[in-house]
Each structure stands twice: as structure tokens, then as C-alpha cells.
Amino acid sequence: MEAEGTANLLIGDLSPTVRLSRVQLSRIWREFGSAIHWEIAMKQFLHVWNPFRSMLIVPLLRFAIVVCITMTVMIFLEKLFVGAISLVVQIFKLKPEKRYKCEPITQDEELGSSVYPMVLVQIPMYNEKEVYKLSIGAACALEWPSDRLIIQVLDDSTDTVCKDMVGQECQRWKSKGVNIMHEVRNNRKGYKAGALKEGLQHDFVEACEYIAIFDADFQPESDFLLRTIPFLMHNPEIALVQTRWRFVNADECLMTRLQEMSLDYHFKIEQEAGSAMFAFFGFNGTAGVWRTKVISDAGGWKDRTTVEDMDLAVRAGLKGWKFVYVGDIQVKSELPSTFKAYRFQQHRWSCGPANLFKKMAVEIIQNEKVSFGKKLHLIYDFFFLGKFVAHTVTFIYYCVVIPLSVFFPEVVIPYWGVVYVPTMITLCKCMGTPSSFHLVVIWVLFENVMSLHRLKAAFTGLFEAERVNEWIVTEKLGDANKTKPVVIDIKDADKSIDSQLTESCLPKLKKKKSWFWDRWYYSELTVGIFVLFCGYYDIAFSQRGYYLYLIVQSAAFFVVGFGYVGTPTPNS
């Protein structure tokens with residue numbers, strides 16, 4: 001009672017002009033602490049926590065470990081499978097030219113240019129100030145009779161200055177004899193899919209047997225059509241010829257090097273294996289040639305997801321059409337070199353497939369035109385493993401389950417499941433870019449960081465949350481302009497066209513001043529703090545050795561969270 005009265009007296013004597021001395025504060029804390037009886041409170045807390053811990057938390061964590069290790073083994077087996085197929089293709093040199101008839105187009109003096117089929121080249125773009133000249137120039141430099149080639153620049157730009165610049169560039173090439181059209185829409189309905197769909201509504205498209213598609217930052221070599229069209233001409237069962245991307249700015253920064261490692265594996269291993277084994281893979285949206293009638297046969301372009309390219313590919317595959325990947329044909333392109341742009345791109349690439357799977361799962365199962373093996377490949381390998389399991393296990397296992405396990409000594413993760421199998425998966429994936437093998441540890445840490453956004457995006461697409469249809473065009477810097485100018489002479493019908501494909505388009509912009517916290521990414525920082533705390537707890541108490549990984553992984557989250565990745569730009 002005395003302590004309580006003293007405390008009340010002290011508190012009651014407080015006024016705006018009176019401050020408690022250190023002695024008074026110490027006395028209040030001492031008397032308050034003795035009144036609470038900390039030991040009793042702690043015993044009561046443990047009395048509730050221990051059963052909750054042993055009956056719920058520990059079993060859930062053990063279950064999560066089993067699920068994650070199972071997923072890890074599934075991914076490992078899938079990597080071995082596609083890697084073995086790719087290896088067989090390389091060893092026995094089973095190039096597409098050996099599997100399919102591919103004879104070059106022969107000249108005929110009597111038939112003239114009519115031996116060449118009509119080809120439509122579509123270049124969708126949106127406010128592409130930095131790269132529009134590159135793509136238009138490369139398309140106009142394609143070796144193909146001018147009377148058998150139509151180029152469509154599908155411009156959805158909202159920037160009037162950019163729109164005028166694109167129009168002037170198209171007019172410049174048109175004045176030189178190139179059959180090029182600058183088509184502008186009044187709205188962006190359907191985004192890229194809407195632009196491609198509207199571009200096919202012209203009467204002249206009916207005469208075009210094949211359609212080549214290039215995004216605004218892609219620059220095909222001049223012989224691109226000469227090397228791809230023969231596959232379609234001589235093999236009526238082939239619907240799509242997909243070529244490989246080659247990155248002009250891979251050495252721009254560390255982040256672009258890491259992106260190159262991931263995409264090289266995708267093209268060299270995954271696309272190669274899908275083409276050789278199943279004659280099916282996901283269309284990459286650009287640097288490919290479609291048979292025109294296949295697009296209409298599959299239902300045309302649809303804007304129901306942000307992956308219109310994958311949507312069309314799956315529907316065409318379910319119709320029984322075959323795809324071929326030709327890795328020897330490479331098309332120059334640009335990687336996003338700012339982390340903000342890369343995040344937006346990865347959100348679209350992860351959200352769209354999950355949303356598409358939700359919309360097409362039943363259709364795939366009920367399809368009767370393709371074999372059970374191809375349907376199994378679509379559902380299990382293409383969608384489930386590639387679009388869900390990979391993102392889930394990367395973040396949940398390596399950034400949540402393993403860190404949490406340090407707090408529970410009775411929860412044990414098998415050594416092979418936390419070291420050996422993940423190491424083998426990493427070695428399988430990094431084989432796509434042997435020259436960057438020394439970056440493999442940094443690449444793994446960065447991929448774990450990005451799995452946070454990919455997992456969020458996948459669930460956004462699966463449950464059709466708020467950002468499910470978000471489409472933010474990837475920012476481009478026009479890094480191809482840093483290369484030396486290349487002059488290409490095109491001689492057709494006694495006309496010569498000189499194209500400075502790498503001519504700079506815009507003056508250099510001055511960097512805008514921004515506060516340092518504007519570049520912080522708080523989700524990465526939050527996870528980084530959690531992983532770091534788990535690492536230090538392991539050092540102080542658990543002593544399992546996980547801290548060797550946890551502290552380094554937390555550092556990766558902090559580096560990304562504080563914005564020290566990618567190339568800084570005026571808008572970043």
C-alpha cells in the first residue's frame with residue numbers, strides 16, 4: 001500500500017512545469033517492477049507458450065520443412081531432366097536444322113520476288129524515346145524483298161513528343177522505299193496484346209503468311225528472316241520459330257550480369273529442352289516468327305493477362321501446333337539496368353503466368369487434341385514447378401523456414417536438404433553462363449531477394465488481387481547507343497539505304513536530386529532485419545552454423561533494400 005501511495009503521489013504531483021528527477025524515476029521503476037512480480041509473469045507466459053510451441057509451432061515448422069525439401073527435390077529432378085535433354089542435343093548436335101527441313105529460299109529469275117512469302121513485321125512500342133530508332137532501323141534493314149515485306153510500328157505512346165519522333169522516323173524510312181506504317185491508337189486498351197490485335201485487323205494482313213514480332217529494344221540481324229522463315233515454309237506443322245536474346249548491356253552493372261545468368265539458362269537449357277522434347281515452350285513475346293493462320297486458329301491475341309505471349313503459345317500448343325527454338329539465331333536486346341524497372345518486369349513475368357494458369361487449368365486438362373504427356377508437361381513442369389514451386393521454395397525455405405529453425409533446437413533440417421541438393425540445383429542453373437561462374441554466390445543471394453517479389457506476384461495473379469493487371473513498361477536506357485555505329489547497305493531494286501542503327505536518339509539527361517530514403521525498398525529491409533536477427537541468434541544460442549548463410553543473405557537484402565543495385569538514372 002505504501003508503494004502504491006507513493007507512486008500515486010509522485011504522478012499526481014506532475015505538472016507541465018515540473019520534471020521528475022532521475023532518483024524519482026528510478027524509484028517509480030523499482031516500485032513498479034516489484035509490484036508486477038516479473039518472475040511470476042514469466043512463469044505464466046511460459047506456462048502458455050510451451051504447450052503452444054510444442055503442439056503448434058514446432059509441428060508446423062517441421063511440416064514446412066518436409067514440404068520445402070520435397071519441392072526442392074522436385075526442382076532438382078526437373079533441372080536434371082531438362083539439363084540431360086539439352087546435353088544430349090549438344091553432344092549429338094541435334095540442331096533444329098537436323099530435326100526439321102530447313103532449305104534456304106532459292107532465287108528464281110522467272111518468279112522473281114514472288115518466291116518469297118509475304119511477311120509482316122510488328123513493332124509494338126510505348127514512349128520508347130531511347131530505343132525507337134534502333135528497332136525501326138533494324139527492321140528496315142532486314143534482307144527481304146521490299147514488295148514482300150510490311151513493317152507495322154504499333155505506337156501506343158502517350159508522350160506527344162515521342163509519338164511525333166516515331167512518326168518522323170517512319171516517314172524517313174518510307175521516303176526511302178520501305179513499306180512501313182506508323183499506326184497510333186486512341187487508347188491503350190489491352191496494352192501490347194491490344195496493339196497487336198488491332199494491327200492484324202487490316203485487309204493486307206490476309207496476304208501475309210508469317211508475322212515477325214520485335215519489342216522496341218530488339219534489333220534483329222539483317223538475315224533474321226532468311227534464317228527463320230524456311231522452318232515455317234518447309235514444315236507446315238510448325239507454328240512458331242523462337243530465337244535467342246543476346247544482351248547488349250550485360251556488362252553494364254552487376255545486376256545485368258546476374259540477369260544474364262538467369263536468362264541464359266532459360267534460353268540455352270529450358271527453351272532448348274522444351275523444343276527438342278515436346279516441341280513446345282512459352283513464347284518470349286519478341287524475337288519470334290508466327291504462322292499467321294495459327295494466331296487466328298488459336299483464338300487471336302487476348303488481353304486477359306499480362307502475359308499475352310504465353311497465353312497465345314499455350315492455346316496454340318493445345319491445338320496441336322509445334323514450336324521450334326533456334327538458339328543459333330540471336331537478337332540484340334537490352335536488360336533493365338535499374339532495380340525499379342527490374343522489379344516491375346519481374347512482377348509482370350510472375351503474376352501473369354499464375355493468373356493464366358488459373359484461367360486455363362481446366363481447359364488444359366479437358367483438352368483432347370494433345371497427348372497426356374504434353375498436358376502433364378504443361379501443368380506440372382511448365383506451370384506448377386516453373387511458376388509456383390520455384391518462387392515458393394526459394395523464399396519460404398531459404399528466407400523464412402531456415403532462419404526460423406534456429407529458434408527451435410528440436411527442429412532439424414537434413415544436411416543434404418539444406419546443402420547438397422540446393423548446391424546441385426545451383427550448379428545446374430549456372431551452366432548457362434560459364435563465364436559468370438565466379439558470380440554464382442552473389443547470383444544465388446540476389447535470386448533469393450527477388451523471390452520475395454516473385455512470390456507476391458504469383459499469389460497476386462492466382463488470387464487476382466489489386467495489381468493483377470498492372471502493366472508498367474520496362475524502362476530502357478538505350479545502352480545499345482554506346483556501341484560503335486554500324487552502317488548497313490540494303491540493295492533492293494537498285495535502291496541503297498544507309499542505316500546508322502546505333503545513332504544516339506536523345507541528349508543526355510541530368511540527374512535529378514532526390515532524397516536518399518526515396519530509393520529505399522522497405523520490404524527488403526524488413527526481411528533483411530529478420531534474417532540478420534536470426535543469424536545473430538544462431539551465433540549466440542543455437543550454434544548450428546546457419547549464421548554463415550544468414551548474415552550474408554541479410555547483407556544482400558540490405559544492399560538491395562538501400563538501393564545499391566543497378567544503374568542510377570535521373571528517374572530512379
Side-chain angles (χ1 to χ4, degrees), residues 89 93-107 113-124 134-152 178-179 196 199-200 205 207-215 217-246 266-268 271-272 274-276 279-295 298 309 312-313 316-317 321-333 488 490 492 501:
V89 171
K93 298 181 179 180
L94 302 177
K95 300 282 186 178
E97 293 82 356
K98 286 189 176 182
R99 303 197 307 269
Y100 300 98
K101 185 179 179 181
C102 181
E103 297 178 357
I105 301 174
T106 56
Q107 299 285 347
S113 63
S114 62
V115 298
Y116 293 84
M118 284 291 296
V119 177
L120 174 65
V121 176
Q122 292 186 311
I123 309 175
L134 304 177
S135 56
I136 294 176
C140 293
L142 290 170
E143 298 175 17
W144 204 258
S146 59
D147 61 328
R148 310 296 290 174
L149 181 67
I150 302 174
I151 300 174
Q152 276 186 329
V178 178
N179 190 1
L196 293 171
L200 296 180
V205 175
C208 299
E209 298 179 55
Y210 310 110
I211 300 175
I213 300 174
F214 303 103
D215 282 350
D217 58 316
F218 278 72
Q219 308 159 57
E221 298 295 334
S222 59
D223 62 349
F224 178 87
L225 295 179
L226 294 175
R227 299 178 65 185
T228 55
I229 296 297
F231 283 101
L232 297 164
M233 291 179 60
H234 301 298
N235 304 277
E237 73 278 11
I238 294 180
L240 166 68
V241 177
Q242 174 69 59
T243 61
R244 183 181 159 194
W245 300 358
R246 180 163 62 88
H266 168 69
F267 282 102
K268 290 183 179 180
Q271 297 292 72
E272 185 72 72
S275 176
F280 172 81
F281 47 81
F283 174 45
N284 296 115
T286 180
V289 185
W290 280 92
R291 191 182 299 273
T292 306
K293 71 175 183 179
V294 173
I295 297 178
D309 44 10
L312 178 61
W321 290 97
K322 294 182 178 181
F323 301 166
V324 60
Y325 168 73
V326 187
D328 290 340
I329 304 177
Q330 301 181 14
V331 180
K332 291 185 290 185
S333 63
I488 295 181
I490 308 170
D492 178 35
L501 293 183

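Positions are given from 1, in the same order as the sequence printed here.
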- Does F323 have any ring pair (Phe, Tyr, Trp, His ring centres under 6.0 Å) partners at least two apart in sequence or in another chain, and if so, which? F280, F281, W290

- Message: I need the I329 CD1 to D223 CG distance, nearest 0.5 Å.
- Response: 7.5 Å

- Task: Flag the pair L240 / V294 as yes when at least one side-chain heavy-atom distance between them is below 4.5 Å, and no otherwise.
- Result: no

- Query: Between the main-chain N or O of T286 and the side-chain N or O of Q242, is there a donor-acceptor pair closer than 3.5 Å?
  - Reply: yes

- Message: Nearest 0.5 Å, please: how far is CG in L134 from NZ in K332?
- Response: 8.5 Å

- Item | Value rounded to 0.5 Å, distance of SG in C208 from CD in Q152 | 8.0 Å

- Apply side-chain hydrogen bond (donor to acceptor under 3.5 Å, both in side chains) to N284 and list each qualifying residue two or more places apart in sequence or on a separate chain. H266, Q271

- Query: Looking at Y210, F214, F218, which hits ring-ring contact (aromatic ring centres under 6.0 Å, His included) with F224?
  - Reply: F214

- Note on the structure: Heavy-atom closest pair (L226 atom, E143 atom, distance to 0.1 Å) is CD1-OE1, 3.4 Å

- Query: For atom NZ of K322, is the number of surrounding heavy atoms from other residues, nucleotides or ligands below 6.0 Å larger than 12?
  - Reply: no

- Message: How close do I238 and L232 get, counting heavy atoms only, and between which atoms?
- Response: O-CD2, 3.5 Å

- Task: Kindly indicate whether the side chain of L200, heavy atoms from C-beta on, has any atom under 4.5 Å from the side chain of Q122.
- Result: yes

- Note on the structure: Sorted by chain and residue number, the salt bridge (Lys or Arg N to Asp or Glu O under 4.0 Å) partners of K293 (sequence neighbours excluded) come out as none

- Item | Y116: partners by ring pair (Phe, Tyr, Trp, His ring centres under 6.0 Å), with sequence neighbours left out | W144

- Query: Taking the side chain as C-beta and beyond, is there a heavy-atom pair between R227 and V326 under 4.5 Å?
  - Reply: no

- Heavy-atom pair of closest approach, residues M233 and V115: CE-O, 4.2 Å

- Check S146 against N179 and note the closest heavy-atom contact, atom names and distance. O-CB, 4.3 Å

- Item | Set of side-chain hydrogen bond (donor to acceptor under 3.5 Å, both in side chains) partners for W245, sequence neighbours left out | none

- By side-chain hydrogen bond (donor to acceptor under 3.5 Å, both in side chains) - contacts of S113 (at least two apart): D147

- How close do A141 and S222 get, heavy atom to heavy atom, and via which atoms? O-CB, 3.5 Å

- Side chains of I295 and L312: does their closest heavy-atom pair fall under 4.5 Å? yes

- Message: Side chains of I151 and L142, heavy atoms from C-beta outward: is any pair under 4.5 Å?
- Response: no

- Message: Please evaluate residues T292 and L120 with respect to the criterion side chain to side chain contact (heavy atoms under 4.5 Å, CB included), reporting the C-alpha separation (whole Å), side-chain torsions for both, the decisive distance (0.1 Å), and the verdict.
- Response: CA-CA 9 Å; T292 306; L120 174 65; over 6 Å; no

- Query: Pairs in or reaching into residues 96-106: which pass side chain to side chain donor-acceptor pair (under 3.5 Å), with residues at least two apart or in two chains?
  - Reply: R99-S275

- Going by heavy atoms in the side chains, are T228 and T243 under 4.5 Å from each other? yes

- Note on the structure: Residue set satisfying salt bridge (Lys or Arg N to Asp or Glu O under 4.0 Å) with D215, at least two apart, ordered chain then number -> K192

- Residues that R148 engages under salt bridge (Lys or Arg N to Asp or Glu O under 4.0 Å), provided they are two or more places apart: none

- How close do G285 and I213 get, heavy atom to heavy atom, and via which atoms? O-CG2, 3.7 Å

- Note on the structure: One should read off an interatomic distance between L149 CG and L225 CG, to the nearest 0.5 angstrom, of 6.5 Å

- Task: Sequence neighbours left out, what passes side-chain hydrogen bond (donor to acceptor under 3.5 Å, both in side chains) with R246? Give chain and number order.
- Result: Q330

